[in-house]
Protein chains: 2
Amino acid sequence: MERSNGSPGEPPKERSGADRPPTIRGVAERAGVSKSLVSLVLQGSPRVSDAKRQAVLEAIDELGYRPNAAARSLVARRTHTIGVLLNDMRNPWFVDVLDGLNSLLHAHGLRMLMADGRLDRRTGQEFARAFQELRVDGLVVVGTLPDTTGLAEVAERLPTVIAGNHEPRLPRADIVANDDERGARLATEHLIGLGHRKIAHLAGQGLVGDLRRRGFEATMRDHGLAANAVVESGDGTEEGGYRAAVRLLSPARGGRRPTAVFAFNDLSGIGVLSAAGELGLDVPADLSLVGYDNTYLSRIRHLWLNSVNNASHEVGRRAARCLLDRMAHPDAPAAHQLVTPELEIRGSTAPPWDGVGAAP
Amino acid sequence: MERSNGSPGEPPKERSGADRPPTIRGVAERAGVSKSLVSLVLQGSPRVSDAKRQAVLEAIDELGYRPNAAARSLVARRTHTIGVLLNDMRNPWFVDVLDGLNSLLHAHGLRMLMADGRLDRRTGQEFARAFQELRVDGLVVVGTLPDTTGLAEVAERLPTVIAGNHEPRLPRADIVANDDERGARLATEHLIGLGHRKIAHLAGQGLVGDLRRRGFEATMRDHGLAANAVVESGDGTEEGGYRAAVRLLSPARGGRRPTAVFAFNDLSGIGVLSAAGELGLDVPADLSLVGYDNTYLSRIRHLWLNSVNNASHEVGRRAARCLLDRMAHPDAPAAHQLVTPELEIRGSTAPPWDGVGAAP
DNA sequence: CGCAGCACTTGGACCGTTCCAACTCTTGCG
DNA sequence: CGCAAGAGTTGGAACGGTCCAAGTGCTGCG
C-alpha cells in the first residue's frame, strides 16, 4: 500500500489531489537547468547550446508542458488576442468577413476571440468591459452595433476597426466597408438597362440601409424616373421582405405594379421571391429581382438571385490590415476605406414582359 | 515646449509615452486605502465599511480601472473561459447550439472563446495546444472534427463535452447529440405513411451520416421495402446534393425513379430541390422531400422544406449542463445523452402522384 | 481598568512567466 | 601571462492581481 499523503514532519513537496499542470520550473528541474534557460529555449533564442536545448525540449515533451498564456501576457502586456464583435451570427455574410480577417491575423500570430452581441444580450458597454478586462490587443466590430455608446471610450484605449459599417465615426477607429451607395447604383442601373421603369426598393435599417436607399433614389432621379421609384421599408429578414413584397405587388394596390425590385439584402430578397410565387408572378419573367451581399443564399440554384457582391472577404482582409497598422501606430488619424462592390448576375432578372412599363 | 522625457537624476516615476492602464495599486492610492481593500471591494465582500467602499468605487470610476483578467486568473487558476471548437461556421445549425450553450454558461459567469477548426486550418493537435495554453476551464466540441487525434489527450486534462456528434468516445468526455438514427426513422416513416414505396436517401459523411443512413435502411427493411431503398452518397453541400439528385432522378436511369428523397441535411436537400426543378419535377406533386436539421433554410417560404428538427438549442443547453457538472466532478464517468428529434412538417411532401409507386 | 471579541484593514507571499544585469567559462590576442 | 571579448547561463525583480495571517481600534463586560 502506498502512502497517499506525506507523513507528518516531511516537507509537503507535492500537494495531494489536484496535481497542477507542469510549470517552467518543473521543466527546468527535470532538464537540470535554470528556468531562465527554459524561457530562452521557448523563445527560440540562438544563444543556447544545442545540448541544453535538447535536454529542455525532451523535458517539455516528457512532462507535457504548455506555457501559461496568462502569466506570459501579464509580463509581456500583450495577449496576442483580437476581440471580434459580431452583431448577429444568423446573418451569413459575416462568415466571409471573418475568413478574410483570420487569414491575415493568423499569419501575424494573433488569435480571434469572438462574441456575438446579440447572443449575449450585452449592451455596448458590457462587451467593452469584458474585452478590456481580457486586455485584447485590438478590436474589430463586424456590422451594425445595437448600442455604440461604449465604443468611443474603448476606441480611445484599444486599436479598433469597424468592418462592414460606416458608423460610428470616431477619431481613432478605422472604418472598412463596401461602397453601399455605389452598389445600389449598380443594381438599379442594371434594372433600368434591362428596360424596367417602375422599380421598387425594399429598404433596410441603419446607415447601411440609408445608403443603399439613397443610391437607388439617386440613380432613379438621374434617369428621370424619380416619379416611378417606390420605396417600401423592411427589416432585413425574410419575413419582413415577404410582407413588404405582398404590399408592393398586390393587384389591389392602385396603379401599375413595379416590374422590378431591388432588395436591401439577399434574405429579404428571398422573401420577395416567396411573395411573388404566391401571387402567381414568375421571376424573372414577370418580376425582376436583385439582392445584396452575394451570400451563399443567392448562390443556391433554386433561388439563383442576382446580387451585389459586397466583397466581404476583401473587407475582412483590409480590416485586418488596418488593425495591424493601427496596432503599430495607435495615434494615426482614422482611415475610412471603401471597397468597390460588383453586381453578380444570375437568373433573377430579365427585360420587362412585352415592354409593359417600358414606355416613359 | 515640454520636456518629453524625465531630466537625468530625477527618479523615473512615470515612463514617458505608453501610460499603462490603471492597476489596483493606483486605485488604492487614489482612494487612500490598501490594495487588499480594493480587492475586497471588487469581490463584493460584506466586511468593508460603506465609507471606504464608496471611496474605492469612486476611484475606480475616475480612473476607468478594469481588473486584469490575466493577473486574476493566474492566481485563481481559473479563467472563466470555455473553449468552443466549431468545425464549420457556414453550416447554420451550430448557431442554435451556441445559443443554447451560451444561455447557461453566461448565467454561470463563463465566457465562450470560439475557434473555427476549418477557418484556421489547424489540426486537432494545434487547436488543443492553443486552448491549453490559454488554460480554458473547459472545452466544447461542436459537430464533427476533421482530426480527433489530439482530443483524447486534451480530454484527460480538461473537462470536455462533445455536442452534436457521437464520436469519439473517450473515457472522460461527455457526448450530447440528437438521436440521428431515430430522426432518420421519423423521416422515412413519414414518407412511407404517405404511400411512397421507392424512396431514396442522400447520405452524408461521418458517423452522423452513417447513423442517418442506418435509420433509413432499417425502417425500409422493417416495412419490407429493402429492395426499394436507394442510397446515393453526397457531401452535405448544396452542390453535392444537386449532383446526387441529378443521378437519382434522371429518366435515363433504368427502372422507376424514386418518388421521395430523404436528404442527409437541409443544405443537400435544397440541392435536390434545384435538380428536381431543372428536371421538370414539381415538389411535392412529383417528388416528396425531407431534410434534416430544421435550419432557417428549411423555414424559408420559397423552400419550405419538411425537416427533422435536431433540437440544436436543447443539445446546446444540455451540453452546457454536462460541462458544468464535469467541471464540478472531473472524474465522473462519461455520460452519453441523446435528445429526441421531431419531424417538422411543411410543404415538401405529399402522397405519390396517382398512386404510382404505391403498389407493393 | 483590563482584556476578549468584533469589525475592519493591511502587508506580504504567491501565481508562472519574461527580462535584465551579472556571473562563469573559454578563447584569442597583444 | 593578463585580460578583453564573447558565448552561455543564472538569480531575482517585475507583471497585477488574490488570499491569508496578523494588525488596529473600538466596544462592552467582568
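Quick note on labels: first sequence line is chain A, next is B, and so on, each numbered from 1.
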Just checking Arg77(B): base, sugar-phosphate only, or nothing, at a heavy-atom cut-off of under 4.0 Å? sugar-phosphate

May I have the step-by-step check of side-chain contact (heavy atoms from CB on, under 4.5 Å) for Val56(A) and Val48(A), ending in yes or no? CA-CA 11 Å; Val56(A) 168; Val48(A) 175; over 6 Å; no

Between Glu314(B) and Arg318(B), does any side-chain N to carboxylate O distance fall below 4.0 Å? yes

Of all the heavy-atom pairs spanning Met114(B) and Leu86(B), show the shortest one and how long it is. SD-CD1, 4.4 Å

Separation of Arg72(A) atom CZ from dG16(D) atom P, in whole Å? 18 Å

Closest approach to the side chain of Asn68(B), judged atom by atom: which nucleotide of dT18(D), dG16(D), dT17(C) is it? dG16(D)

Between C1' of dC15(D) and CD1 of Ile24(B), the distance in whole Å: 13 Å

Under 4.0 angstrom between Gln43(A) side-chain N/O and dC19(C) OP1 or OP2: yes

Every protein N/O within reach of nucleotides 7-10 of chain D N/O, cut-off under 3.5 Å:
| unit_1 | atom_1 | unit_2 | atom_2 | d |
| --- | --- | --- | --- | --- |
| dT9(D) | OP1 | Ser49(A) | OG | 3.0 |
| dT9(D) | OP2 | Ser49(A) | N | 3.0 |
| dT9(D) | OP2 | Ser49(A) | OG | 3.3 |
| dT10(D) | OP2 | Ser34(A) | N | 3.0 |
| dT10(D) | OP2 | Ser34(A) | OG | 3.1 |

Rounding to a whole Å, what distance do you find between Arg78(B):CZ and dC15(C):C1'? 16 Å

To the nearest angstrom, the CZ-P distance between Arg135(A) and dC15(D) comes to 14 Å

Side chain to side chain contact (heavy atoms under 4.5 Å, CB included) with Val136(B): which of Val84(B), Ile82(B), Leu158(B)? Leu158(B)

Verify the contact: side-chain N or O of Arg20(B) to OP1 or OP2 of dC15(D), cut-off strictly under 4.0 Å; return yes or no. yes

Does any pair with a residue in residues 32-59 of chain A pass salt bridge (Lys or Arg N to Asp or Glu O under 4.0 Å), and if so which ones, sequence neighbours excluded? none

Using atom CZ of Arg53(B) as one end and atom C1' of dT9(C) as the other, report the distance to the nearest whole Å. 13 Å

To the nearest Å, how far apart are Leu74(A) CG and dT18(D) C1'? 13 Å

What do the steps show when you test Ser73(B) against Arg135(B) for side-chain contact (heavy atoms from CB on, under 4.5 Å), and what is the final call? CA-CA 9 Å; Ser73(B) 70; Arg135(B) 300 286 193 275; over 6 Å; no

Just how large is the angle between the end axes of the helix from dC1(C)-dG30(D) to dG30(C)-dC1(D), five pairs per end, to 10 degrees? 70°

What heavy-atom pair brings His80(A) and Gly109(A) nearest, and what distance separates the two atoms? CB-O, 3.8 Å

Quick one: do Arg172(B) and Asp331(B) make a salt bridge, cutoff under 4.0 Å? yes

Please determine whether a side-chain nitrogen or oxygen atom of Ser39(B) lies at a distance below 4.0 Å from atom OP1 or OP2 of dT18(D). yes

May I have the step-by-step check of side-chain contact (heavy atoms from CB on, under 4.5 Å) for Met327(B) and Asp137(B), ending in yes or no? CA-CA 8 Å; Met327(B) 284 166 67; Asp137(B) 293 342; 3.8 Å; yes

